[in-house]
Student: 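Just dropping this structure here.
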Amino acid sequence: METPNNEKFRDSISTVNKEGKRSWVFPKRPSGKFYNYRTYVSYFLLVILLCSPFVKINGNQFLLFNVLERKFNIFGFPFWPQDFHLLVVSMIIGVVFIILFTVVFGRIFCGWICPQTIFLEMVFRKIEYWIEGDRGKQIRLSKQPWNADKIKKRVLKWIIFFIISFLIANVFLAYLIGGDTVIEYITGSPFDNLNTLISLLIFTGVFYFIFAWFREQVCIIACPYGRLQGVLLDNKTINVAYDFVRGEKEKGRAKFKKNEDRAASGKGDCIDCMQCVHVCPTGIDIRNGTQLECVNCTACIDECDHMMEKVGLPTGLIRYASEDNIEKKAPFKFTARMKGYSAVLFILVGILIGMLFLRNDVEATVLRLPGQLYQHKDNGIISNVYTFKVINKTSEDIEDVSYKLLSHDGKIESVTHKDFTVPSRGLAEGTLFIEIHSSQMKKDKIELKIGVYSGDKLIETTKTNFLGPRSYR
């Protein structure tokens with residue numbers, strides 16, 4: 001079935017032309033109230049993004065995602081593999097929060113918070129405007145032959161883009177291996193850490209490719225969030241939207257004529273100036289309605305307001321509004337679906353807070369050595385050999401650590417040392433023997449409760465199994 005003419009824009013994405021080739025987007029330089037707000041938010045987030053791997057709280061990196069060594073820090077709180085359930089709950093909370101935010105405010109996350117948009121619009125495009133000029137100059141530069149002027153501008157832009165991509169790659173690497181490690185590599189010889197240097201250059205190449213060429217196609221093609229919003233948005237979602245009731249009226253949109261009575265003519269307030277299209281960083285026409293390419297960046301709102309002020313018409317033709325608000329003048333209402341997502345989010349946050357309060361700073365495990373049987377000793381003593389591991393999640397060393405039996409009479413002897421120290425954000429492991437008298441063996445396998453002490457202070461308890469002969473049942 002043939003697509004209606006007013007819906008043909010949905011047959012292809014905005015960055016692909018009729019021949020199926022890349023249609024390069026040259027957005028006009030945005031300006032206005034919302035753009036200023038977005039600039040402040042973006043610079044604030046950029047500072048956080050660039051500084052987080054190098055800021056420490058209680059000796060812990062503010063944000064760290066060291067997958068190789070299985071060390072994670074979130075807001076200065078260290079997480080170990082044993083805390084993986086906390087990370088899972090945190091990620092689920094993040095997903096539910098984004099879903100709730102999308103149901104209420106549409107794809108506002110993409111336009112205001114997403115690092116891809118922030119770096120592209122607030123860093124790389126601003127450099128492009130500085131070197132190549134605004135939309136018209138960029139289009140002319142793209143069409144002109146490769147003369148000295150074009151080579152100079154393009155090479156300068158590419159060099160700066162590469163330098164910034166290299167800096168971003170360093171920050172990205174700091175999130176993975178730690179800020180201190182990256183600084184150590186930077187201050188040392190690059191040839192001492194060739195593997196890291198190669199990884200750094202690969203990351204640089206990826207970021208350069210994204211911001212110099214792939215650009216808005218990350219949001220349109222690669223990112224699944226644009227398609228996810230299709231099943232999350234409804235008529236009550238607040239989006240960057242075109243007021244088609246006011247913009248079209250009875251006779252539709254039309255060019256503005258000086259001194260005409262727009263209200264009496266029956267023409268819509270949209271003067272068909274196309275400025276909302278020219279300023280769009282993904283190249284769409286917002287007047288066609290909600291589209292997956294729209295990242296809610298508000299550039300079209302500012303540009304439309306400028307044009308309305310110039311022709312003496314009320315602003316807000318493009319604004320944050322729901323479809324029900326535009327068509328039925330219905331005010332925003334917190335729907336049952338929004339309440340459901342909010343309840344789930346509230347419950348998950350409560351669970352996470354409870355888990356964090358119950359989480360111990362020290363975690364100990366004592367496990368029987370695989371393949372080893374119990375041993376008979378003099379005077380009815382039975383001995384089992386174990387491996388132990390103590391994890392210190394704090395930023396201070398834990399000294400004078402020892403084990404004591406809490407549930408039974410007996411003794412614990414370490415193979416290597418009696419008392420030991422667990423380093424900060426580290427672990428200690430070794431081998432120990434547990435000995436108890438055969439009279440305490442009511443069956444061939446009993447459960448022991450063991451206390452972990454730092455000096456005379458109990459810092460953790462753990463349990464393990466103890467085996468003995470069946471004859472002592």
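Along the sequence shown, residues are numbered consecutively beginning with 1. Computation of the quantities below employed the complete heavy-atom set of this structure, encompassing side-chain atoms and omitting hydrogens, waters and symmetry-equivalent molecules. The model shown is predicted, which means the values in this text are computed figures rather than measured ones.
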Student: Within the 4.5 Å heavy-atom criterion, are E303 and C273 side-chain neighbours or not?
Tutor: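 Not in contact.
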Student: Is there a donor-acceptor pair under 3.5 Å between the side chain of Q138 and the backbone N or O of G133?
Tutor: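 Here the side-chain-to-backbone pair exists.
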Student: Evaluate the criterion side-chain contact (heavy atoms from CB on, under 4.5 Å) for residue pair S142 and R154; output intermediate values, then yes/no.
Tutor: CA-CA 10 Å; S142 177; R154 287 290 169 89; 4.1 Å; yes
Student: For the residue pair V279 and C276, what are the closest heavy atoms and their distance?
Tutor: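 Taking every non-hydrogen atom into account, CG1-O, 3.6 Å.
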Student: I'd like to know if the side chain of S414 reaches the main chain of L432, judged simply by a donor and an acceptor atom lying under 3.5 Å from each other, with no hydrogens or angles considered.
Tutor: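 No.
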Student: Distance from Y175 atom OH to L63 atom CG, nearest 0.5 Å?
Tutor: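 Going from OH on Y175 over to CG on L63, the span is 5.5 Å.
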Student: Counting only heavy atoms not in D149, do more than 12 sit closer than 6.0 Å to its CG atom?
Tutor: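 Enclosed: over 12 neighbouring heavy atoms sit under 6.0 Å from CG of D149.
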Student: Keeping N392 on the side-chain end and V362 on the backbone end, is there a donor-acceptor pair under 3.5 Å?
Tutor: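 Side chain of N392 to backbone of V362, a donor-acceptor pair under 3.5 Å: no, none is there.
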Student: Within this structure, what is the CD-OG1 distance for the pair E184 and T196, rounded to the nearest 0.5 Å?
Tutor: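 It is 10.0 Å, given to the nearest 0.5 Å.
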Student: What are the two closest non-hydrogen atoms of S165 and T204, and how far apart are they?
Tutor: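 Closest pair (atom of S165, atom of T204, distance): CB-O, 3.7 Å.
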Student: Could you check whether any side-chain heavy atom of I160 comes within less than 4.5 Å of a side-chain heavy atom of W130, counting everything from C-beta outward?
Tutor: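 Side-chain contact under 4.5 Å: yes.
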Student: My understanding is that only residues two or more places apart in sequence, or in another chain, count here; which of them pass side-chain hydrogen bond (donor to acceptor under 3.5 Å, both in side chains) with N73?
Tutor: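 Applying side-chain hydrogen bond (donor to acceptor under 3.5 Å, both in side chains) to N73 gives none.
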Student: Do any N or O atoms from the side chain of Q116 and from the backbone of R215 form a donor-acceptor pair under 3.5 angstrom?
Tutor: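 It does hold such a pair.
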Student: Check R368 against Q372 and note the closest heavy-atom contact, atom names and distance.
Tutor: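 That would be NH2-O, 2.6 Å.
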Student: For F162, is the CZ atom crowded, meaning more than 12 foreign heavy atoms sit under 6.0 Å from it?
Tutor: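 Count not over threshold, so no.
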Student: Kindly give the heavy-atom pair with the smallest separation between C114 and C110, and that separation in Å.
Tutor: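 What the structure gives for the nearest pair is CB-O, 3.6 Å.
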Student: Does CZ in F84 sit with more than 12 non-hydrogen atoms of other residues, nucleotides or ligands closer than 6.0 Å?
Tutor: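 Counting neighbours around CZ of F84, 12 or fewer heavy atoms of other residues, nucleotides or ligands fall under 6.0 Å, so no.
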Student: What do you reckon, are the aromatic ring centroids of F172 and F207 less than 6.0 Å apart?
Tutor: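 Centroid distance F172-F207: below 6.0 Å, so yes.
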Student: When you measure from the side chain of S322 to the backbone N and O of N325, does any donor-acceptor pair fall under 3.5 Å?
Tutor: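 Answer holds: yes.
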Student: Closer than 3.5 angstrom, by distance alone: can the side chain of D302 be matched with the main-chain N or O of F34 as a donor-acceptor pair?
Tutor: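 Yes, because the side chain of D302 sits within donor-acceptor range (under 3.5 Å) of the backbone of F34.
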Student: How long is the span from the CG atom in N170 to the CD1 atom in I183, to the nearest 0.5 Å?
Tutor: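 Reported to 0.5 Å precision, the distance equals 10.0 Å.
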Student: Can you name the closest pair of heavy atoms from Q291 and I284 and give their distance?
Tutor: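 Nearest pair, atom of Q291 first, then I284: OE1-CB, 3.6 Å.
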Student: Using side-chain heavy atoms (C-beta onward) and a distance below 4.5 Å, is E293 in contact with R107?
Tutor: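 No, every pair of side-chain atoms sits at 4.5 Å or beyond.
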Student: I'd like to know whether CZ of F209 has more than 12 heavy-atom contacts from other residues, nucleotides or ligands below 6.0 angstrom.
Tutor: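 For F209, atom CZ is crowded (more than 12 foreign heavy atoms under 6.0 Å).
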Student: Is the closest basic N to carboxylate O distance between E128 and K157 below 4.0 Å?
Tutor: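 K157 and E128: salt-bridged.
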Student: Quick one: are P281 and V25 in side-chain contact, heavy atoms under 4.5 Å?
Tutor: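 Side chain of P281 against side chain of V25, heavy atoms only: no contact under 4.5 Å found.
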Student: Can you confirm whether D397 sits close enough to V422 that some side-chain heavy atom of one is under 4.5 Å from a side-chain heavy atom of the other?
Tutor: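 Not touching, per the 4.5 Å side-chain cut-off.
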Student: Any donor-acceptor pair under 3.5 Å linking the side chain of T237 with the backbone of V103?
Tutor: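 Present.
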Student: Looking at E216 and R22, is any side-chain nitrogen of the basic one under 4.0 Å from a carboxylate oxygen of the acidic one?
Tutor: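 The answer is yes: the pair qualifies as a salt bridge.
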Student: Please assess F75 against I57 for the test side-chain contact (heavy atoms from CB on, under 4.5 Å), listing each intermediate value before the final yes or no.
Tutor: CA-CA 8 Å; F75 306 137; I57 297 178; 5.9 Å; no
Student: Mind listing the closest non-hydrogen atom pair of H278 and R135 along with its distance?
Tutor: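 In terms of heavy atoms, the two residues are closest at CD2-NH2, 3.3 Å.
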Student: Are F109 and F101 an aromatic pair by the rule of ring centers under 6.0 Å?
Tutor: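 No, they do not, as the ring centres are separated by 6.0 Å or more.
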Student: Quick one: are N465 and E447 in side-chain contact, heavy atoms under 4.5 Å?
Tutor: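 With C-beta onward as the side chain, the pair touches.
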Student: Closer than 4.0 angstrom, basic N to acidic O: yes or no for R337 and D234?
Tutor: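 D234 and R337: salt-bridged.
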Student: side-chain contact (heavy atoms from CB on, under 4.5 Å), that's the test. Do S31 and H306 meet it? Break it down for me.
Tutor: CA-CA 9 Å; S31 62; H306 289 329; 3.4 Å; yes
Student: Under 3.5 Å, is there a donor on one side chain and an acceptor on the other for T39 and N36?
Tutor: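 No donor-acceptor contact under 3.5 Å links the two side chains.
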Student: Does NZ in K445 sit with more than 12 non-hydrogen atoms of other residues, nucleotides or ligands closer than 6.0 Å?
Tutor: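 Open: at most 12 neighbouring heavy atoms sit under 6.0 Å from NZ of K445.
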Student: Determine the sole option in F124, F119, F166, W213 for which the ring-ring contact (aromatic ring centres under 6.0 Å, His included) test with F161 is passed.
Tutor: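 Result: among F124, F119, F166, W213, F124 is the only option passing the ring-ring contact (aromatic ring centres under 6.0 Å, His included) with F161.
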Student: Do V123 and L46 come within less than 4.5 Å of each other through their side chains, counting heavy atoms only?
Tutor: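 In contact.
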Student: Got P53 and V182 here, is their nearest side-chain heavy-atom distance under 4.5 Å?
Tutor: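 When only atoms from C-beta onward are counted, V182 and P53 do not touch, as no gap falls below 4.5 Å.
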Student: In Å and rounded to the nearest 0.5 Å, what is the NZ to NZ distance from K150 to K143?
Tutor: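 Reported to 0.5 Å precision, the distance equals 11.5 Å.
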Student: Would you give the length of the straight line joining atom CD of Q61 to atom CZ of F54, rounded to the nearest 0.5 angstrom?
Tutor: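 One finds 7.5 Å between CD of Q61 and CZ of F54.
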Student: Can you list the residues that meet the salt bridge (Lys or Arg N to Asp or Glu O under 4.0 Å) rule with D180, with sequence neighbours excluded?
Tutor: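 With sequence neighbours excluded, D180 shows a salt bridge (Lys or Arg N to Asp or Glu O under 4.0 Å) to K56, given in chain and number order.
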Student: Once rounded to the nearest 0.5 Å, what's the spacing between atom NZ of K333 and atom NZ of K236?
Tutor: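 These two atoms lie 7.5 Å from each other.
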Student: Is it the case that the side chain of S407 and the backbone of K449 share a donor-acceptor pair, with hydrogens and angles ignored and the cut-off at 3.5 Å?
Tutor: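 Side chain of S407 to backbone of K449, a donor-acceptor pair under 3.5 Å: yes, one is there.
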Student: With a 3.5 Å distance limit and no angle check, can you tell me whether N384 reaches the backbone of L467 through a side-chain donor-acceptor pair?
Tutor: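 Checked: pair present.
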Student: Would you sort out whether T102 and I98 count as a side-chain contact (heavy atoms from CB on, under 4.5 Å), showing the intermediate values?
Tutor: CA-CA 6 Å; T102 304; I98 291 175; 4.0 Å; yes
Student: If you take the centroid of each ring, where Trp contributes its six-membered ring, are F433 and Y386 closer together than 6.0 Å?
Tutor: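 So the answer is no for these two rings.
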